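Written out below as structure tokens is the structure these notes cover.
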Amino acid sequence: MFGIVLTNQKSLLEELWEYFSQTYFSPKMPYLENISFGTGTLISLQTIILGLTVGIIVASACSIYSKRYLGDFVRKVIQEECFDAKSSKTLYELGYLKSPGVRNAIKSYGTLSRWIRCVEEDDFFSDVENRRIEFEEQHKDDEKPPKFKAPAFKRDLNTMHFYIPEDKKYAAQVKFEKKGANWLSFLLVSVISLVLCAFICYVLPDIIKMIDNFISVVGNK
């Protein structure tokens, strides 16, 4: 007899979202005398501000991931003193053979490709360049010399040897400095960004109204 279900009840998250949506993202455009600015344009501006805020939060998360997770690998390479072809080591020797993030980051054009060099890849492209020079020399007298077709390099991350060139050691240390990169700082950045976003979206109609009033004052002088 008491089996009545209240279908209109909302969860706490739904109520919070409805409150913030109505308070900060349902703007009421004031009357403007000099600026043609509709509610739709205002909502678009607020959407852009929200998008920038999300971008800042995502960038902060990516920075922490890069400095802490990928940075651990960079620091390991430096700790093992892998600074040239002779001192280079494989992912297995460095303890990152089964790390998907590191394996993806050290691929060609990956996140770490600017800092981490591969001995086999260096040797391959050096050999290709020598073959290209020989090929062009052989066909220099041809009326229509053929084009040299460079073979593609096949990466085998299980056997390749990696190192950081000595001249990039310091820059890599600075780039992947672990200090200050933690989830507490990410939470702080996220909270501050969201608060600023809500505040700007809330006062944006008033800012536009102030600009409109300023134009009226200047125009009447």
Side-chain angles (χ1 to χ4, degrees), residues 48 51-186 189-190 193:
I48 292 173
L52 291 174
T53 302
V54 173
I56 291 173
I57 294 174
V58 171
S60 177
C62 292
S63 176
I64 292 175
Y65 171 80
S66 177
K67 289 179 178 294
R68 293 188 68 86
Y69 183 65
L70 300 182
D72 283 345
F73 174 70
V74 173
R75 287 185 287 273
K76 179 66 173 179
V77 175
I78 294 175
Q79 179 184 347
E80 295 293 327
E81 299 183 347
C82 303
F83 301 130
D84 53 31
K86 293 182 179 180
S87 59
S88 63
K89 292 187 177 182
T90 64
L91 290 180
Y92 175 79
E93 293 172 321
L94 293 168
Y96 286 86
L97 181 62
K98 297 183 178 181
S99 172
V102 170
R103 291 174 69 92
N104 185 66
I106 59 177
K107 290 181 179 180
S108 297
Y109 307 107
T111 307
L112 296 179
S113 60
R114 178 182 175 185
W115 313 96
I116 304 294
R117 300 287 295 273
C118 169
V119 176
E120 289 78 6
E121 190 171 15
D122 291 345
D123 293 342
F124 174 82
F125 284 113
S126 176
D127 179 64
V128 168
E129 179 62 18
N130 292 332
R131 289 162 59 183
R132 184 189 65 79
I133 294 174
E134 293 178 2
F135 180 86
E136 293 178 351
E137 181 67 23
Q138 292 174 357
H139 296 277
K140 64 179 181 179
D141 297 326
D142 294 359
E143 184 176 348
K144 292 183 177 181
K147 292 184 178 180
F148 176 73
K149 295 182 179 180
F153 177 68
K154 296 182 180 180
R155 303 176 67 87
D156 184 0
L157 297 178
N158 297 326
T159 60
M160 293 164 63
H161 294 73
F162 300 95
Y163 69 98
I164 296 177
E166 185 72 41
D167 60 346
K168 291 187 176 182
K169 171 186 173 182
Y170 177 74
Q173 288 176 320
V174 173
K175 172 69 175 178
F176 296 96
E177 172 61 46
K178 188 177 182 179
K179 185 178 180 180
N182 53 63
W183 294 112
L184 180 61
S185 63
F186 167 74
V189 169
S190 300
S193 299

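Small disclaimer: the values here were computed from a predicted structure and weren't measured.
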Would you give the length of the straight line joining atom CD of Glu93 to atom CD of Glu80, rounded to the nearest 0.5 angstrom? 9.0 Å
Arg132 atom CZ, over 12 foreign heavy atoms within 6.0 Å: yes
Minimal heavy-atom distance between Arg103 and Leu97, with the atoms involved, is NH1-O, 2.8 Å
With a 4.0 Å cut-off on N to O distance, would you call Lys76 and Asp72 a salt bridge? no
Check Gly101 against Leu70 and note the closest heavy-atom contact, atom names and distance. O-CD2, 3.9 Å
For Pro146 and His139, work out which heavy atoms get closest and say how close. CD-ND1, 3.6 Å
Please report the interatomic distance CG(Asp122) to CE(Met160), rounded to the nearest 0.5 Å. 9.0 Å
Does either side chain, that of Ser87 or that of Asp84, offer a donor lying less than 3.5 Å from an acceptor on the other one? yes
Below 4.5 Å, heavy atoms only, C-beta onward: do His161 and Lys89 meet side chain to side chain? no
Val102 and Leu91: side-chain contact (heavy atoms from CB on, under 4.5 Å), yes or no, with the steps? CA-CA 9 Å; Val102 170; Leu91 290 180; 4.3 Å; yes
Counting N and O atoms only, with roles assigned by atom type, does the side chain of Ser190 sit under 3.5 Å from a partner on the main chain of Phe186, one being a donor and the other an acceptor? yes
Quick one: CZ on Arg114 to NZ on Lys175, what's the gap to the nearest 0.5 Å? 7.5 Å
Could you walk me through whether Tyr163 and Cys118 satisfy the side-chain contact (heavy atoms from CB on, under 4.5 Å) test, starting with their C-alpha distance in whole Å, then the side-chain angles of each, then the deciding distance to 0.1 Å, before giving a yes or no? CA-CA 7 Å; Tyr163 69 98; Cys118 169; over 6 Å; no
Over 60° means perpendicular and under 30° means parallel, so classify the ring planes of Tyr96 and Phe73, tilted if in between. perpendicular
Under the rule for ring-ring contact (aromatic ring centres under 6.0 Å, His included), what residues qualify as partners of Tyr92, not counting sequence neighbours? none
Over all atoms of both residues, closest heavy-atom pair of Thr53 and Ser193: CG2-O, 3.5 Å
Work out which heavy atom in Trp115 is nearest to a heavy atom in Pro165; give both atom names and the distance. O-CD, 3.5 Å
Main-chain N/O of Lys144 paired with Asp142 side-chain donor or acceptor, under 3.5 Å: no
Looking at every heavy atom in both Ile164 and Ile116, which two are closest together, and how far apart are they? CG1-CD1, 3.4 Å
Is Glu177 paired with Lys67 through a side-chain N to carboxylate O contact shorter than 4.0 Å? no
Close side-chain approach of Pro151 to Phe124, heavy-atom, < 4.5 Å: yes
Just by distance, do the side chain of Ser60 and the backbone of Ile56 share a donor-acceptor pair under 3.5 Å? no
Looking at Glu121 and Arg117, does any basic side-chain N land under 4.0 Å from a carboxylate oxygen? no
For the pair Ser126 and Asp123, evaluate side chain to side chain donor-acceptor pair (under 3.5 Å) and give the outcome as yes or no after the intermediate values. CA-CA 5 Å; Ser126 176; Asp123 293 342; over 6 Å; no
Any non-hydrogen side-chain atom of Thr90 less than 4.5 Å from a side-chain atom of Phe162? no
Above 12 or not: heavy atoms from other molecules or residues under 6.0 Å from NZ of Lys168? yes
How are the rings of Phe135 and Phe148 set to each other: parallel, tilted or perpendicular (split at 30° and 60°)? tilted
Keeping the roles fixed (side chain from Ser113, backbone from Ile106), state whether a donor-acceptor pair exists under 3.5 Å. no
To the nearest 0.5 Å, what is the distance between NZ (Lys107) and OG1 (Thr111)? 11.5 Å
Atom pair CZ (Phe176) and CZ (Arg68), whose distance is rounded to the nearest 0.5 Å: 14.5 Å
To the nearest 0.5 Å, what is the distance between CZ on Phe83 and OG on Ser88? 12.5 Å
